[in-house]
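Scroll down for the structure; my scribbles are underneath it.
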Amino acid sequence: MVKVATTRLDRTLVARTALRLLNEVGLEGLTLRAIAAELGVKAPALYWHFKDKRALLDEMATEMFRRMAADLPAVSAPDWRDGLTAAMRGLRGHLLGYRDGAKVYSGTHFTDIGYAATMDAHLRGLTESGFTPRTAARAWFTAYSYTIGYVIEEQSGTEGIDLAARAERLAAYPLAAGAGEEIIGNHEAGFESGLAAVVAGIALTVHTSPT
């Protein structure tokens, strides 16, 4: 049965529909044709709002940020480590709420400046903790990049890997074989361990950097 559009199309409605479909079909299966069918319109109708899939992904990422912004704990002095850690945990949690969420979010450009207030608040918390504006930006982006990259790997389908079978195939390479459990055996513990290392590194290098 073909759906018939009952609501006026706009960019936000299309992005929200796309995010809903994302959980069903994944990024590879998310096409403008599929979104149009879900909305009960022909695919060309979407081109009034988005010139291509990349433009749609930009709007989807912007909508994702709108949803997560209020939930990201603020970085504040003097416990910037706790604040930055909590913010990255929040970011990861939201990205995991969407199939291929980190891939959608990575490399996109926000379509409005709604992100600016949240970013400014986090950077202010870092500068009030002794960072310069430049090192605050560097610290935030370092932790942010780690989190995005980790979740991309986490969502890449490693959960179905048989670690015992992998270890058997790599028996001649014991260190590589043993690394499987640490790398893909427990994503939660792996993320926390890596994030702690990133934050500690920021404290030892970026936080004390004069530039």
Side chain Gln155, main chain Gly101, donor-acceptor under 3.5 Å: yes
Check: Asp82 and Val75 side chains under 4.5 Å, non-hydrogen atoms: no
Donor-acceptor contact present, side-chain Ser106 to main-chain Ala102, <3.5 Å: no
Salt bridge (charged side-chain N to carboxylate O under 4.0 Å, His left out) contacts in which one or both residues fall within residues 98-119, not counting sequence neighbours: Arg66-Asp112
Residue pair Leu46 / Leu39, side-chain heavy-atom distance below 4.5 Å: yes
Atom pair CG (Leu175) and CG (Leu170), whose distance is rounded to the nearest 0.5 Å: 11.0 Å
Non-hydrogen side-chain atoms of Arg54 and Leu57 separated by less than 4.5 Å: yes
Ring pair (Phe, Tyr, Trp, His ring centres under 6.0 Å) contacts touching residues 113-138 (sequence neighbours left out): Trp80-Phe131, Phe110-Tyr115, His122-Trp140, Phe131-His207
Inter-residue atom distance Asp10.CG - Glu59.CD, 0.5 Å rounding: 9.0 Å
Closest contact, heavy atoms only, Leu56 versus Ala15: CD1-CA, 4.4 Å
Taking every non-hydrogen atom, the tightest pair across Gly29 and Ala34: O-CB, 4.4 Å
Check: Ala189 main-chain N/O paired with Ser193 side-chain donor or acceptor under 3.5 Å: no
Heavy-atom side-chain contact between Tyr105 and His94 under 4.5 Å: no
Student check: side-chain heavy atoms of Thr62 and Thr108 closer than 4.5 Å: no
Residue pair Arg166 / Asp162, side-chain heavy-atom distance below 4.5 Å: no
Spacing of CD1 belonging to Ile202 relative to CG belonging to Leu84, to within rounding of 0.5 Å: 5.5 Å
Backbone of Thr132 reached by a side-chain donor or acceptor of Thr135 within 3.5 Å: yes
Verdict with reasoning, Glu154 to Arg92, per salt bridge (Lys or Arg N to Asp or Glu O under 4.0 Å): CA-CA 10 Å; Glu154 189 174 3; Arg92 173 175 174 261; 2.7 Å; yes
Considering all heavy atoms, the nearest Ala139-Leu126 contact: CB-CD1, 4.5 Å
Arg33, CZ atom: more than 12 neighbouring heavy atoms under 6.0 Å: no
Where Ala61 and Val104 come nearest, the two heavy atoms and their spacing: CB-O, 4.4 Å
Thr127 (side chain) donor-acceptor with Arg124 (main chain) under 3.5 angstrom: yes
Check: Leu91 and Ile148 side chains under 4.5 Å, non-hydrogen atoms: yes
Residue pairs passing the ring pair (Phe, Tyr, Trp, His ring centres under 6.0 Å) test where at least one lies in residues 29-56, sequence neighbours excluded: none
Between CZ on residue Arg16 and CD1 on residue Ile35, distance to nearest 0.5 Å: 15.0 Å
Any Arg67 side-chain heavy atom under 4.5 Å of Leu19 side chain: yes
Shared hydrophobic cluster for Ile113 and Met60 (ILVMFWY, side-chain gaps under 4.5 Å): no
Polar contact flag, side-chain donor to acceptor under 3.5 angstrom, Thr17-Glu38: no
Parallel, tilted or perpendicular: ring planes of Tyr150 versus Tyr146, cut at 30 and 60 degrees: tilted
Minimum heavy-atom distance Ala69-Thr118, with the two atoms named: CB-OG1, 3.7 Å
Leu195-Leu96 co-clustered via ILVMFWY side chain contacts under 4.5 Å: yes
